[in-house]
Undergrad: 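Below: one structure in structure tokens.
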Amino acid sequence: MENGSIPPKTEGLVSRMALNDNKAGMEGLDRDKINKIIMESSKGSKFYENEVKREQQVNQRIDKMMLQKEQITEQHLKKAQAQVARMVVELEKRRDLTRVIVHVDMDAFYAAVEMRDCPELKDKPMAVGSMSMLSTSNYHARKYGVRAAMPGFIAKKLCPNLVIVPTNFDKYRAVSSEIREIFADYDPNFMPMSLDEAYLDFTEHLEKRQSWPDSLRTHHYRASSNPKGDENNELPQETTPDVTDLSPVLFDDSPSSFLCCEDAGSAFEIFGTSVEEAVREMRFRIEQKTLLTASAGIAPNMMLAKVCSDKNKPNGQYRLPSTREAVMEFVCNLPVRKVSGIGKVSEKLLNALGISSCSHLGQKMALLSLLFSETAWHHFLQVSLGLGSAFIPRHEERKSMSTERTFKEMSAAEEQLSLCRELCEDLANDLKKEGLKGKTVTLKLKNVNFEVKTRALTLSYPVATADEIFAVAKDLLKTERDNESPQPLRLRLMGVRISAFVSSDEKQPLQKSIVGFLNPGKAELGPSHKEIPRESEEKTTLEEPQQSFFQKARAKRLQLQAAAASSRQEDSSGISSPLFLDARNCAASDEPDNDGACGASTSTSDGIGLSCPVCFRRVETADLAVFNRHIDQCLSESSAQKPSQHLEEGDGREAKRAELSAEERSLGSTSAETASSVNGNHSKSSSLVCPICLLTQDSDDLILFNRHVDLCLNQGVLHKLQSETRSPINPPSLDRCSKTNPENVAPRKFVKGSCITIDHFFR
DNA sequence: ATACATACC
DNA sequence: TACTGGTATGTAT
């Protein structure tokens, strides 16, 4: 249907600049004419020149790839094919079709909000953004080829009547929180991807929903008068036609289940118990609440749900049945570009190999496995099989924070410096809001030729204030200026990013007393680090000693984990790769009802239960689907890097992870949440794990726990100072260790209020 | 650890 | 006149 995946080979056309008709609302327009206008508007500009350059780089990459391809023999391919085939078997065995994942996406969100609030815009082509850049366009404008990420001035050429409305983020955020309230009713753990988009796991909701009375599935049309006070105000009975006007498509979807009732002038609808009805209900509620429409995709995993939500856009939904056949058929004709994670460049690389749809992807997997990185081809393979993450991962902690600004050419050093400071101040403010401190500062520069450079420096201590960040950033900037001199830096953009955040336990103020104790009389003096000349010494004086203590605590933890991991590796010899998969095969194949006989089951007393090869914990279930889900969860959480926008790749990294040693995996961190979802939810024993010694505590008593943590913290100090100290409860020891990584635990949540001081201990 | 490229919204 | 800004990840060095 979306034929246009291979653009007509226009010589000299910079394909990366051409119209992207990948999005909804872009069908059947005059691509050539539009591309011509786009090119004419861009030609000769610095931007265009840079795009040409980048295009050439991609072309070189393709040439290189094609050369590599030439070197491949039948032998190679055969071997690769065998490996792919094995992989397919493994992946197939673990295919999970039991979950119901929904991806919801508001239609032309920003534009729709602006249209809602300004009826004059309703029947005009409009877009949100500026003459320089558009964030969204309405469907009317899309007919002209006007789309998101297009500069307004080009859009104007495509559509001279285009109305451009400036962005109004506060408004979008407000609407976003309204729709999120609704999302939460269907999945309290939904994952927002942006203001207008989210993934939801409907599985549990649907289970409950089956036994719900009609009343819980009944939803009313909004009150008659709309916020703008239309002419219908005094005619409440005309509500229904009004509303249907807003969403003519809504009711085309599943007319059979459509029930509209009138009760004393108030119209309502009773929704059914099926997935489709539940999702239709959610979309109905969104529309009633916000006057905006959403589209949704329903599928057994995130990758597919995302594609499905686009299928009947706008104001529609699409369900992909949870059968292997349906999934394979769906994926077969799917253009690779539709898959989240495969962008312009990957598409071009694949196209060069004759691959445009996902079925081609499957057919050429052996080749792909030889030409692409492991991560890449594993991803491709999963996509070709219609696989994706069947669970929605917990939202990860942020990994970086940045701010950047584009401006008219700037070359003067003083001007650049003051801008740099401003950026640092803004960034420091944002950091403060989240109470974060990071160790890596990155300066981003874009010159007037659109060439981007980043320069980073990692400190041994975390920073957060504007002065601290600026101290680093200005040096990076100076270095760049020096490198470029005598030519000036002619900038069009500058940005500052901070990353390598310290974990919550490392940035708390508690250490003051420890620091004071460790460095008597020196605590208020500057520490010895002088890698970077500092603007303001006094503000950071506490950082380093505190850091050094925690660095030791951390080193100790890692040492403990490594020791435990290697001991585990001994008792379960091949846990690294095949066995880990085999354990699952075993569970998944043979007699599903007889898991007690399976090698993956544990030998602990009570009959049912399987032991997870990743976290080594017992999973109290006889249900293999549940067990597999647990392992998926473990894998996803033990993976140190977790892309949040490639979430559908969750499974994609599994094979790679399987090749990590147990030690690497254990160092990869598993959160306390995992520990409790595996353990705590089912067992009555304590779920508190000391973030320092990593031991699960015997007691659930927070006071005792706090005391223990205090002691553990102080122990390091005491040890350093004199003799080893043992805490009264569960003394820290070197033998066993839980997999819990304190970095993700936020232990101070529990510790808060308890006074962690050396003085306290000595009292 | 650093730099750059790709991707997503 | 005019081609964003924020975050994450992958790849190469």
Side-chain angles (χ1 to χ4, degrees), chain A residues 16-17 20 22-23 38 41-42 45-51 54 57-58 61 105-106 108-110 128-136 147-157 164 167 169 172 176 192-198 306 337 339-349 372-376 378-379 395-409 423 426-427 430 439-446 448-460 476 492-500 639-649 652-653 656:
Chain A
R16 50 185 301 118
M17 294 205 54
N20 207 338
N22 193 32
K23 282 275 173 279
I38 294 177
S41 313
S42 309
S45 68
K46 298 283 190 186
F47 178 83
Y48 177 84
E49 296 307 324
N50 188 251
E51 288 300 294
R54 292 178 61 185
Q57 282 169 9
V58 173
R61 230 175 114 179
D105 194 344
M106 298 297 289
F109 187 47
Y110 300 170
V128 176
S130 69
M131 236 11 192
S132 301
M133 188 51 60
L134 303 179
S135 352
T136 339
R147 48 158 302 133
M150 177 181 278
F153 71 93
I154 292 180
K156 275 281 198 184
K157 289 189 181 157
I164 299 180
T167 48
F169 272 101
Y172 314 143
S176 184
M193 297 305 290
S194 60
L195 289 182
D196 78 316
E197 207 186 305
K306 167 93 204 209
R337 186 60 174 84
V339 177
S340 176
I342 300 183
K344 256 199 280 246
V345 173
S346 303
E347 181 192 28
K348 202 175 172 189
L349 291 172
F372 287 82
S373 73
E374 191 175 68
T375 3
H378 283 184
H379 181 229
H395 201 63
E396 296 283 319
E397 281 172 33
R398 82 151 65 238
K399 295 183 173 59
S400 71
M401 189 183 273
S402 65
T403 183
E404 67 186 49
R405 220 158 289 160
T406 295
F407 36 78
K408 287 229 291 265
E409 173 168 352
L423 290 166
D426 291 354
L427 184 58
D430 293 345
K439 289 193 284 197
T440 303
V441 175
T442 306
L443 180 75
K444 176 175 170 181
L445 303 173
K446 180 159 26 174
V448 290
N449 295 320
F450 288 85
E451 294 161 335
V452 177
K453 267 184 192 154
T454 59
R455 294 290 175 258
L457 183 70
T458 300
L459 306 165
S460 59
L476 295 169
R492 82 178 324 271
L493 171 144
M494 189 187 294
V496 182
R497 173 163 68 247
I498 187 156
S499 52
S639 161
Q641 355 74 315
K642 180 78 196 169
S644 78
Q645 54 211 53
H646 293 186
L647 292 159
E648 60 288 339
E649 293 178 7
R653 285 180 300 273
K656 186 170 188 180

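Quick note: numbers below take in every heavy atom, side chains included, and nothing from hydrogens, waters or symmetry partners. Nothing here was measured: the structure is a model prediction, and the numbers come from that model. Order of the sequence lines fixes the chain letters, A, B, ..., with proteins taken first and strands second; residue numbering starts at 1 for each chain.
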Undergrad: From B:dA7, B:dA3, B:dA5, pick the nucleotide closest to the side chain of A:Ser346?
TA: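 So the nucleotide nearest the side chain must be B:dA7.
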Undergrad: Can you tell me if the side-chain N/O atoms of A:Ser400 get under 4.0 Å from OP1 or OP2 in C:dA8?
TA: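 So the side-chain polar atoms of A:Ser400 do come within 4.0 Å of the phosphate oxygens OP1 or OP2 of C:dA8, strictly under.
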Undergrad: Taking only side-chain N and O atoms of A:Thr454, does any of them lie within less than 4.0 angstrom of OP1 or OP2 on B:dC4?
TA: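 Looking at the OP1 and OP2 atoms of B:dC4, one of them is under 4.0 Å from a side-chain N or O of A:Thr454.
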Undergrad: From B:dC4, B:dT6, C:dC3, pick the nucleotide closest to the side chain of A:Met133?
TA: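 The answer is C:dC3, which lies nearest to the side chain.
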Undergrad: Considering residues at least two apart in sequence or located in another chain, which fulfil the ring-ring contact (aromatic ring centres under 6.0 Å, His included) criterion with A:Phe47?
TA: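 Expected list: A:Phe450.
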Undergrad: Quick check against the 3.5 Å criterion: does A:Arg497 have a side-chain atom that pairs as donor or acceptor with the backbone of A:Ser400?
TA: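 Not at all, since once roles are kept as given, no pair shorter than 3.5 Å links the two residues.
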Undergrad: Any base atoms under 4.0 Å from A:Met150, or only sugar-phosphate, or nothing? Heavy atoms, all strands.
TA: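 No contact.
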Undergrad: Find which nucleotide of DNA chain B each of A:Lys344 and A:Val452 is nearest to by heavy atoms, and output the residue with the more 5' nucleotide.
TA: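 Closest to the 5' end, via its nearest nucleotide, is A:Val452.
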Undergrad: Determine whether a donor-acceptor pair (N or O, by modelled atom type, separation under 3.5 Å) exists between the side chain of A:Lys439 and the backbone of A:Ala500.
TA: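 No: the side chain of A:Lys439 does not pair with the backbone of A:Ala500.
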Undergrad: Between A:Pro151 and A:Met401, which is nearer to the 5' end of DNA chain C once each is assigned its nearest nucleotide?
TA: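 Nearer the 5' end of the strand: A:Pro151.
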Undergrad: Name the closest nucleotide to the A:Ile154 side chain, picking from C:dG6, C:dC3, B:dT6.
TA: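 For A:Ile154, the side-chain atoms sit closest to C:dC3.
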Undergrad: Using a 4.0 Å heavy-atom cut-off across all strands, classify A:Leu195 as base, sugar-phosphate, or nothing.
TA: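 Result for A:Leu195 = nothing.
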Undergrad: Hey, does the side-chain of A:Ser194 have a donor or acceptor N/O within less than 3.5 Å of a partner on the base of B:dC8?
TA: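 Under the 3.5 Å cut-off, the side chain and the base do not form any donor-acceptor pair.
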Undergrad: I need the OH-C1' distance between A:Tyr110 and C:dG5, as an integer number of Å.
TA: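 A:Tyr110 atom OH is separated from C:dG5 atom C1' by 10 Å.
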Undergrad: Could you check whether A:Arg497 gets within reach of a base, just the sugar-phosphate, or nothing at all, counting any heavy atom under 4.0 Å?
TA: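 No contact.
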Undergrad: Do A:Met150 and A:Ile38 have side-chain heavy atoms sitting under 4.5 Å apart?
TA: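 Yes. Closest side-chain heavy atoms under 4.5 Å.
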Undergrad: What is the separation between atom CG on A:Leu423 and atom C1' on C:dG5, rounded to the nearest whole Å?
TA: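 Taking atom C1' of C:dG5 as the reference, CG of A:Leu423 is at 12 Å.
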Undergrad: Check this one for me: any side-chain N or O of A:Ser132 less than 4.0 Å away from OP1 or OP2 of C:dC3?
TA: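 The answer is no; no side-chain N or O of A:Ser132 sits under 4.0 Å from OP1 or OP2.
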Undergrad: Please tell me which of the listed nucleotides, B:dT6, B:dA3, C:dC3, lies nearest to the side chain of A:Val345?
TA: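 Of B:dT6, B:dA3, C:dC3, B:dT6 is nearest to the side chain of A:Val345.
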Undergrad: Check every atom of C:dG10, C:dG5, B:dT2 against the side chain of A:Ser373 and return the nucleotide holding the closest atom.
TA: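 Minimum distance to the A:Ser373 side chain belongs to C:dG10.
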Undergrad: Could you measure between the two C1' atoms, the one in C:dA2 and the one in B:dA7, and give it in whole Å?
TA: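 About 25 Å, rounded to a whole number of Å.
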Undergrad: Which part of the nucleic acid, if any, lies within reach of A:Leu134 when heavy atoms closer than 4.0 Å are counted: base, sugar-phosphate only, or nothing?
TA: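 It contacts nothing in the nucleic acid.
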Undergrad: Which is true for A:Arg16 with a 4.0 Å heavy-atom rule: it touches a base, it touches only sugar-phosphate, or it touches nothing?
TA: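 A:Arg16: no heavy atom of the nucleic acid under 4.0 Å.
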Undergrad: How close or far is atom C1' of C:dT7 from atom NE2 of A:His395, stated in whole angstroms?
TA: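 The distance from NE2 of A:His395 to C1' of C:dT7 comes to 10 Å, rounded to the nearest Å.
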Undergrad: Which part of the nucleic acid does A:Lys46 contact within heavy-atom distance under 4.0 Å: base, sugar-phosphate only, or nothing?
TA: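 Contact class for A:Lys46: none.
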Undergrad: Look at all strands and tell whether A:Val496 reaches a base, only sugar-phosphate, or nothing, counting heavy atoms closer than 4.0 Å.
TA: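 Result for A:Val496 = nothing.
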Undergrad: A:Arg61 side chain N/O closer than 4.0 Å to the phosphate oxygens (OP1, OP2) of B:dC4?
TA: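 For B:dC4, neither OP1 nor OP2 has a side-chain N or O of A:Arg61 closer than 4.0 Å.
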Undergrad: Among the candidates B:dA5, C:dT11, C:dC3, find the nucleotide nearest to the side-chain atoms of A:Thr375.
TA: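 Looking only at side-chain atoms, A:Thr375 lies closest to C:dT11.
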Undergrad: OP1 or OP2 of C:dG6 less than 4.0 angstrom from a side-chain nitrogen or oxygen of A:Arg398, does that happen here?
TA: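 Negative; the distance criterion is not met.
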Undergrad: Consider the side chain of A:Ser402, meaning its heavy atoms from C-beta on, and name the nucleotide among B:dT6, C:dA2, C:dG6 that approaches it most closely.
TA: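 Nucleotide nearest to A:Ser402's side chain: C:dG6.
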Undergrad: Nearest of C:dA2, B:dC8, B:dT6 to any side-chain atom of A:Val58?
TA: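 In terms of side-chain proximity for A:Val58, the closest of C:dA2, B:dC8, B:dT6 is B:dT6.
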Undergrad: Among all residues two or more places apart in sequence or in another chain, which pass the side-chain hydrogen bond (donor to acceptor under 3.5 Å, both in side chains) test with A:Ser176?
TA: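 With sequence neighbours excluded, A:Ser176 shows a side-chain hydrogen bond (donor to acceptor under 3.5 Å, both in side chains) to A:Arg180, given in chain and number order.
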Undergrad: Which is true for A:Ala149 with a 4.0 Å heavy-atom rule: it touches a base, it touches only sugar-phosphate, or it touches nothing?
TA: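 Answer is base: heavy atoms of A:Ala149 come under 4.0 Å of a base.
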Undergrad: Which part of the nucleic acid, if any, lies within reach of A:Glu51 when heavy atoms closer than 4.0 Å are counted: base, sugar-phosphate only, or nothing?
TA: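 Here A:Glu51 touches no strand at all.
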Undergrad: Starting from the C-alpha separation in whole Å, work towards a yes-or-no answer on side-chain contact (heavy atoms from CB on, under 4.5 Å) for A:Asn449 and A:Glu49.
TA: CA-CA 8 Å; A:Asn449 295 320; A:Glu49 296 307 324; over 6 Å; no
Undergrad: Check whether any side-chain nitrogen or oxygen of A:Thr403 sits under 4.0 Å from OP1 or OP2 of C:dG5, and answer yes or no.
TA: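 It does not, given that no N or O in the side chain of A:Thr403 lies less than 4.0 Å from OP1 or OP2 of C:dG5.
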Undergrad: Output yes when a side-chain donor or acceptor of A:Thr167 lies under 3.5 Å from a complementary backbone atom of A:Phe169, and no otherwise.
TA: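 A pair under 3.5 Å: no.
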Undergrad: Across the strands shown, which category fits A:Lys408 at heavy-atom distances under 4.0 angstrom: base, sugar-phosphate, nothing?
TA: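 Result for A:Lys408 = nothing.
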Undergrad: Output yes when at least one side-chain N/O atom of A:Thr406 is less than 4.0 Å from OP1 or OP2 of C:dG5, else no.
TA: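 For C:dG5, OP1 or OP2 has a side-chain N or O of A:Thr406 closer than 4.0 Å.
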Undergrad: With respect to the phosphate group of B:dC4, does any side-chain polar atom (N or O) of A:Arg54 fall under 4.0 Å of OP1 or OP2?
TA: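 So the side-chain polar atoms of A:Arg54 never come under 4.0 Å of the phosphate oxygens OP1 or OP2 of B:dC4.
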Undergrad: Under 4.0 Å, heavy atoms only, any strand: does A:Ser42 hit a base, just the sugar-phosphate, or nothing?
TA: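 Result for A:Ser42 = base.
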